[in-house]
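Comments concern the structure below.
Below, chain A is the first sequence line, B the second, and so on; all start at residue 1.
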Amino acid sequence: MAEIKREEEKSLNFIEEIVEEDLRSGKHKSILTRFPPEPNGYLHIGHAKSICLNFGLASKYGGETNLRFDDTNPVTEETEYVESIKEDIKWLGFSWARELYASDYFEQLYQLAVQLIKMGLAYVDDSSSEEIAAQKGTPTEPGKRNQFADRSIEENLLLFQEMKEGRYKDGEKVLRAKVDMASPNMQMRDPLIYRIKHAHHHRTGDKWCIYPMYDFAHGQSDSIEHITHSICTLEFVSHRPLYEWFIEQLGIYPSKQYEFARLNLNYTVMSKRKLLQLVNEGYVTGWDDPRMPSISGLRRRGYTPESIRFFTEKIGVQKRDNLIDLSLLEFCIREHLNRIADRKMVVFDPLKIVLTNHNGEVEMLQSENNPEDPEGGFREIPFSSELYIEQEDFMEHPPKKFFRLAPGQKVRLKSAYIIQCDEVVKDQQGKVTELRCSYLPESRSGGDQSGMKVQGTLHWVSVAHAVTAEVRLYDRLFRVEDPSNEDGNFKEYINPDSLQVIKQVYAEPGLREAVGGKPYQFMRKGYFCLDRDSSGDNMIFNRTVTLKDAWAKVQNKG
RNA sequence: UGCCCGAUAGUAUAAUGGUAGUACGUCAGAUUCUGGAUCUGAAUGUCGAGGUUCGAGCCCUUGUCGGGCAACCA
């Protein structure tokens with residue numbers, strides 16, 4: 001009932017409205033979308049928005065989505081990227097109807113170009129790129145056509161054929177569409193549609209030495225596949241008239257292009273070029289560095305596909321530029337992990353506690369794996385007379401509202417007993433090295449007979465049973481919200497503290513059984529996942545996200 | 001100062017001529033064997049000026065601001 005109501009109240013985004021109208025009017029019986037990555041880099045969370053949109057739309061309206069690699073530039077594209085892109089899409093939870101490549105259409109595209117030449121709508125230009133740029137004019141001055149535009153159809157046909165045969169060097173000639181050099185839309189000023197590149201293509205090898213440009217590949221590929229709704233980002237708005245011009249002139253299937261605003265997230269960058277720089281220049285360890293906004297980085301960081309899909313739902317789809325708060329992404333992952341992550345107790349910065357009234361016998365205590373999941377079960381944790389708690393959970397001179405341990409003060413040890421701090425042991429420098437405490441045997445969790453009420457509950461581990469691990473604490477990659485929009489180079493704004501490594505933390509023994517791909521909540525610390533750098537008994541955990549910390553806020557206010 | 005796109009709380013996103021709502025964040029409180037989670041409450045918004053209309057966030061005019069377009073990239 002609640003589910004249904006929510007369904008009704010959920011409003012449509014502008015693309016869904018278009019699709020519903022197209023379906024209602026009978027313009028389309030079903031829809032076909034496509035996700036068209038260029039295999040020249042890894043996917044990032046901005047792509048996830050597009051993926052969720054394209055695949056989500058198709059699945060919502062009973063259509064299909066093609067995965068089509070836009071591989072028209074052999075110089076930058078590699079098979080390695082194809083594989084990572086496929087893996088990321090699958091991981092996000094989507095399956096494509098067909099795996100396709102723009103390069104599958106090179107022959108058809110060539111024929112379409114020939115057709116254009118025959119119609120007198122394309123010509124071979126011998127000018128250099130500088131000359132072409134100069135002749136193009138500026139946004140306020142119209143461009144001028146050069147003498148090559150006057151070549152005969154026969155000559156153009158021959159020259160284009162010769163380009164294809166490899167008779168010319170890179171840059172010697174290009175094929176241009178003959179549109180309108182005076183158009184106020186720069187995209188229409190006789191755009192280049194084919195260029196010569198004697199380069200090895202990751203799929204077609206050395207078969208071709210001429211390659212179509214984006215504008216003469218993308219729309220045509222859409223059309224060949226009968227894509228109904230071709231959804232792209234805003235920077236292609238000005239290309240839409242050209243997209244439509246080609247379709248109209250060639251008389252091919254009329255796919256329609258729609259544009260939405262790309263995702264921007266604060267405290268990071270979202271361009272492949274910039275991300276590649278971070279990787280190449282060693283600011284991060286690779287595309288899957290957990291600080292990267294790449295899908296592979298987020299995955300390694302411990303984000304779940306569900307959380308990313310949930311996030312893309314929450315941010316919506318619109319045409320206005322945006323800068324989304326990282327806190328929303330963090331909310332989405334906490335929301336999911338809180339429900340599914342097993343709890344573990346892990347002490348990062350140990351302070352030893354000796355229970356003076358304890359006989360030293362080891363007792364196994366039970367603790368819920370996940371209080372949010374009634375079927376999550378319990379685990380056993382050893383308790384004995386020597387324990388570690390966090391340094392920061394003790395203060396010799398506590399401020400008001402410090403609900404933790406202090407001389408004479410009581411706290412609950414999670415799933416164990418209430419303890420009281422009786423004595424503080426210090427070294428010669430006056431540093432606290434140990435606490436001597438007493439515990440209330442009748443206060444055991446689950447059967448508390450003590451009648452005591454304490455404010456704070458701490459996580460702890462038994463010294464003798466603790467297992468060690470390394471933790472990597474990640475923070476935002478940049479110190480400023482919008483690094484690309486600051487003065488100077490974006491790299492000047494990298495957060496120097498985006499990674500803090502703690503080589504040795506102390507965990508309850510059960511953490512030994514941790515497996516990769518499973519989330520854990522280190523109680524009161526955050527959500528963590530086992531990193532692939534782990535080996536044998538050297539376990540390494542990545543912090544996915546912290547827990548919300550109300551105490552930190554109180555402290556910060558002084 | 002060419003053409004195009006856009007402008008609703010701090011950040012996003014609804015309201016499709018008829019009560020400006022939701023989420024995140026923020027603040028306050030309740031509750032809690034995680035200062036987590038949960039629950040309750042609060043503050044904060046239609047870029048400006050005209051116009052059409054009984055009525056405008058929405059339509060029109062105009063201004064302002066932001067973004068895109070002059071790659072043999074996509």
Side-chain angles (χ1 to χ4, degrees), chain A residues 9-13 17 36-38 40 70-73 75-77 125 128-129 132-134 136-143 170-176 183-189 192-197 210-211 213-215 217-218 232-241 259 261 266 272-273 314-332 334-335 338-339 343 345 367-368 371-372 401-404 411-416 418 443 445-446 448 454-459 481 521-526 546-555:
Chain A
E9 283 172 359
K10 178 96 175 81
S11 53
L12 304 176
N13 66 49
E17 280 179 2
E38 185 189 10
N40 68 345
D70 226 338
D71 56 350
T72 57
N73 185 358
V75 185
T76 56
E77 295 153 5
D125 193 330
S128 67
S129 60
I132 288 175
K136 217 157 212 175
T138 68
T140 51
E141 302 161 57
D170 287 10
E172 219 175 313
K173 287 181 166 39
V174 291
L175 184 69
R176 300 176 70 177
S183 171
N185 181 347
M186 298 298 290
Q187 307 298 334
M188 302 296 271
R189 320 248 265 226
L192 274 62
I193 58 177
Y194 263 92
R195 77 291 214 193
I196 299 169
K197 274 182 194 285
I210 56 170
Y211 293 93
M213 300 284 291
Y214 168 84
D215 286 307
H218 199 100
C232 61
T233 44
L234 248 29
E235 66 267 30
F236 295 102
V237 169
S238 59
H239 293 243
R240 183 169 4 107
E259 312 87 8
N266 60 186
K272 275 194 213 171
R273 209 192 87 251
K314 302 214 69 117
I315 60 177
V317 179
Q318 250 306 331
K319 299 186 77 156
R320 41 185 116 95
D321 294 323
N322 56 77
L323 185 61
I324 310 279
D325 266 351
L326 189 59
S327 64
L328 182 62
L329 216 211
E330 294 185 337
F331 163 79
C332 292
R334 285 192 189 108
E335 170 82 10
N338 177 47
R339 288 177 2 235
R343 271 57 172 172
M345 292 202 283
S367 189
E368 296 167 291
E372 303 295 318
K401 294 202 177 176
F402 183 77
F403 304 149
R404 307 181 185 184
V411 288
R412 155 84 52 194
L413 294 181
K414 174 69 188 174
S415 298
I418 291 171
S443 67
S445 292
D448 189 345
V454 292
Q455 293 254 46
T457 301
L458 308 184
H459 63 282
E481 281 203 59
Q521 186 198 95
F522 292 179
M523 298 195 80
R524 307 207 302 136
K525 286 292 182 186
T546 59
L547 257 28
K548 274 172 66 178
D549 191 350
W551 172 241
K553 279 182 191 167
V554 173
Q555 280 179 308

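At the phosphate of B:rA37, neither OP1 nor OP2 sits under 4.0 Å from any side-chain N or O atom of A:R524. Side-chain nitrogen and oxygen atoms of A:Q318 include none within less than 4.0 Å of the OP1 or OP2 phosphate oxygen of B:rU8. For B:rC5, neither phosphate oxygen OP1 nor OP2 lies less than 4.0 angstrom from any side-chain nitrogen or oxygen of A:R240.
A:S415 pairs by the side chain to side chain contact (heavy atoms under 4.5 Å, CB included) definition with A:S367, not counting sequence neighbours. For A:M213, the side chain to side chain contact (heavy atoms under 4.5 Å, CB included) criterion is met by A:L192, A:R195, not counting sequence neighbours. Residues passing the ring-ring contact (aromatic ring centres under 6.0 Å, His included) test with A:H459: none are found, sequence neighbours excluded. Among residues two or more places apart in sequence or in another chain, the side chain to side chain contact (heavy atoms under 4.5 Å, CB included) test is passed with A:K319 by A:F14, A:L234, A:E259. With sequence neighbours excluded, the residues satisfying ring-ring contact (aromatic ring centres under 6.0 Å, His included) with A:F402 are A:W551. In terms of the ring-ring contact (aromatic ring centres under 6.0 Å, His included) criterion, residue partners of A:Y194 (sequence neighbours excluded) are, by chain and number, A:F160. In this view, A:S129 satisfies the side chain to side chain contact (heavy atoms under 4.5 Å, CB included) rule with no residue, not counting sequence neighbours. Every residue meeting the side chain to side chain donor-acceptor pair (under 3.5 Å) condition with A:D448, not counting sequence neighbours, appears here in chain and number order: A:R412, A:S450.
Side chain of A:T457, nearest nucleotide from B:rA14, B:rU34, B:rC4: B:rU34.
Rounded to the nearest 0.5 angstrom, A:K414 NZ and A:L458 CG are separated by 11.5 Å.
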Open item on the list: Dot-bracket for RNA chain B, please. Rules: Watson-Crick or G-U, both distances under 3.5 Å, ( ) within the strand, [ ] when a pair crosses earlier ones, | for another strand, . otherwise.
Closed with: .((((((..((((....[..)))).(((((.......)))))....(((((..]....))))))))))).....
- [ ] Using a 4.0 Å heavy-atom cut-off, write out nucleotides 65-74 of chain B from 5' to 3' as B (base contacted by protein), S (sugar-phosphate only) or - (no contact).
- [x] --SSSBSBSB
- [ ] Would you give a per-nucleotide map of nucleotides 25-31 of chain B, 5' to 3', where B means the base has a protein non-hydrogen atom under 4.0 Å away, S means only the sugar-phosphate does, and - means neither?
- [x] SSSS---
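To the nearest whole angstrom, the two P atoms, one in B:rA15 and one in B:rC59, are 12 Å apart. Look at the P atom in both B:rC27 and B:rG18: the space between them is 37 Å, to the nearest Å.
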Check: protein-nucleotides 41-43 of chain B nitrogen or oxygen pairs below 3.5 Å:
none

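Ring geometry for A:F236 against A:H239 counts as perpendicular: the plane angle is over 60°, on a 0 to 90° scale with 30° as the lower cut.
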